[in-house]
Structures are given as C-alpha cells and as structure tokens.
> 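Have a look at this one before I ask anything.
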Amino acid sequence: MIRFLAPLIASALALAACAAAPSYAPATTPGGAGYFERQIEANRYFVTYRASGEADAQMLQDFALLRAAELTLQQGGAWFWVDRRALDEAGAPSGPRLGVSVGGGSIGGRGGVGVGVGMSFPLGGGGVRAHSATVEMRIGEGPKPDDPNAFDARATAAHLRARLAAPP
C-alpha cells in the first residue's frame with residue numbers, strides 16, 4: 001500500500017508547488033494575473049499584483065512593492081512613499097485543520113453516541129493566502145524622508161528582485 005501511495009503523494013506535492021508560485025510579469029488582460037497600475041493623481045498610483053488563483057500573500061505584497069519601485073524609476077523618481085496597503089485574502093484558512101463532531105441518537109429504546117475526529121493537510125503549504133495585493137503610493141521629490149513608509153526605489157527594486165528571482 002505504501003508503495004502505491006508514495007509516488008502519488010510525491011506527484012501531488014510537485015503539482016501543488018508548480019501551481020502555487022506566481023511569476024512576476026505584467027497583466028496581459030484586464031483582471032488577469034500579473035501587475036498593473038492606475039494613476040490617480042499626477043504623482044499618485046494604485047499598484048496591484050493579482051495571482052491567477054490563491055498565492056502566498058507575502059509574495060504578492062513583494063511583487064506589488066517591486067512594481068511600485070520600478071514605476072518610480074520609470075517616472076524619473078528616486079524614492080516613493082507607501083500611503084496604504086491592501087490584501088485580498090483568500091476565504092479559507094490555509095494550513096492543517098482539525099475538526100471534531102459529536103452525535104447521538106436512539107432507536108427502539110437503545111441510544112448511542114458517536115465522536116468523529118478529522119484532520120486535513122492542504123497541499124500548498126501554510127501561511128496566509130491571497131488573490132491580490134495593492135499599494136497606494138506616491139512618487140516623492142527631493143530628499144527621501146527618514147520614515148519606514150518611504151522607500152529608495154533603486155535599492156528596493158534590487159533587493160526584491162534578488163529575493164524573488166524576478167527578471168530585471
């Protein structure tokens with residue numbers, strides 16, 4: 001039995017790993033997977049990265065932040081300020097889940113009680129899962145403020161590309 005299950009489990013894990021990792025690329029269709037931005041003022045943008053399904057929330061946030069850094073450089077800026085972050089989290093929690101149920105009944109004067117315990121392990125890893133991540137950002141002028149919401153565009157892009165293995 002184990003000889004039969006081992007290859008099946010290995011195949012399922014490999015498939016889950018392939019399906020779970022989005023790649024950094026522009027969205028090719030409205031509402032499609034990838035990054036896109038919408039200008040809302042002269043120097044203010046909404047930058048969103050959307051996955052094709054559920055993906056690791058931290059990765060989606062990093063992809064949105066990487067795009068904000070690239071957009072800043074494309075617009076001739078050196079730094080940007082993140083005003084707000086939003087995450088469209090997946091509905092169901094990920095990670096192992098445990099369920100317990102208790103039931104009882106009687107038929108013809110005889111009674112009984114049953115207890116059931118179940119556990120599930122989603123194939124795709126734990127952590128927060130999401131459909132998209134958005135940052136509202138402004139391209140800054142002048143010297144970069146010493147504030148955790150202000151990012152040096154060049155350094156941020158280089159750091160995130162190296163960590164995420166995103167193309168330049």
Side-chain angles (χ1 to χ4, degrees), residues 8-97 99 120-168:
L8 185 63
I9 290 171
S11 298
L13 288 173
L15 240 168
C18 292
S23 61
Y24 183 73
T28 57
T29 59
Y35 62 79
F36 58 95
E37 63 273 340
R38 184 170 47 117
Q39 187 171 7
I40 51 178
E41 287 182 356
N43 69 338
R44 185 182 297 260
Y45 295 83
F46 284 124
V47 177
T48 300
Y49 186 91
R50 183 175 322 210
S52 58
E54 293 180 13
D56 178 67
Q58 184 61 55
M59 179 180 282
L60 299 181
Q61 290 172 333
D62 287 348
F63 280 163
L65 201 59
L66 174 56
R67 181 60 191 148
E70 290 176 343
L71 181 62
T72 299
L73 295 171
Q74 288 172 355
Q75 298 297 318
W79 65 274
F80 64 99
W81 182 285
V82 174
D83 288 317
R84 186 174 32 186
R85 298 174 193 235
L87 188 62
D88 178 18
E89 291 187 47
S94 62
R97 290 187 288 279
S120 68
F121 298 92
L123 298 174
V128 177
R129 309 290 286 173
H131 298 288
S132 67
T134 300
V135 294
E136 180 182 346
M137 53 86 69
R138 290 179 280 155
I139 297 173
E141 296 179 13
K144 181 181 95 56
D146 185 23
D147 186 285
N149 292 317
F151 295 84
D152 178 285
R154 199 167 306 284
T156 300
H159 173 76
L160 289 173
R161 273 193 203 104
R163 193 174 81 198
L164 299 167

> Using modelled atom types only, decide if a donor and an acceptor are shared between the side chain of Gln39 and the backbone of Ala42 within a distance under 3.5 Å.
yes
> Could you report the tightest heavy-atom contact between Ala133 and Ala64, atom names first, then the distance?
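In this case the closest contact between Ala133 and Ala64 is O-CB, 3.8 Å.
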> side-chain contact (heavy atoms from CB on, under 4.5 Å), that's the test. Do Glu37 and Glu70 meet it? Break it down for me.
CA-CA 11 Å; Glu37 63 273 340; Glu70 290 176 343; over 6 Å; no
> Which pair of non-hydrogen atoms, one from Met59 and one from Asp56, has the smallest distance, and what is that distance?
N-OD2, 3.0 Å
> Could you give the distance from CZ (Arg84) to CZ (Phe46), rounded to the nearest 0.5 Å?
5.5 Å
> Of Leu65, Leu73, Val135, Asn43, which meets side-chain contact (heavy atoms from CB on, under 4.5 Å) against Phe80?
Leu65
> Determine, stepwise, if the pair Tyr24 / Leu66 fulfils side-chain contact (heavy atoms from CB on, under 4.5 Å).
CA-CA 9 Å; Tyr24 183 73; Leu66 174 56; 3.7 Å; yes
> Grab the two heavy atoms, one from Ala33 and one from Ser52, that are nearest each other, plus how far apart they are.
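The pair with the smallest heavy-atom distance is CB-N, 3.7 Å.
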> What is the minimum heavy-atom distance between Val47 and Ala68, and which atoms define it?
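Reported closest heavy-atom pair: CG1-N, 4.0 Å.
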> Restricting to non-hydrogen atoms, name the atom on Ser132 and the atom on Leu60 that form the minimum distance, rounded to 0.1 Å.
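The pair with the smallest heavy-atom distance is N-CD1, 3.8 Å.
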> Nearest 0.5 Å please: distance from the CZ atom of Arg38 over to the OG1 atom of Thr48.
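Separation between the atoms: 8.0 Å.
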> Passes side-chain contact (heavy atoms from CB on, under 4.5 Å), Arg67 versus Phe36? Steps please.
CA-CA 8 Å; Arg67 181 60 191 148; Phe36 58 95; over 6 Å; no
> Measuring from atom CD of Glu54 to atom CD of Glu89, what distance do you get when rounded to the nearest 0.5 angstrom?
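Going from CD on Glu54 over to CD on Glu89, the span is 10.5 Å.
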> Using the ring-ring contact (aromatic ring centres under 6.0 Å, His included) criterion, which residues pair with Tyr45? Sequence neighbours excluded.
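Once residues adjacent in sequence are excluded, Tyr45 has no partner under the ring-ring contact (aromatic ring centres under 6.0 Å, His included) criterion.
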> Any idea which heavy atoms bring Phe63 and Pro22 closest together, and the distance?
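Closest pair (atom of Phe63, atom of Pro22, distance): CE1-O, 3.8 Å.
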> Atom CE in Met137, atom CG in Leu71: separation rounded to 0.5 Å?
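Met137 atom CE to Leu71 atom CG measures 5.0 Å (nearest 0.5 Å).
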> Which pairs count as salt bridge (charged side-chain N to carboxylate O under 4.0 Å, His left out) when at least one residue sits in residues 138-160, sequence neighbours excluded?
Asp83-Arg138
> For the residue pair Tyr35 and Tyr49, is the inter-centroid distance of their aromatic rings smaller than 6.0 Å?
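Distance test on ring centres: not under 6.0 Å, no.
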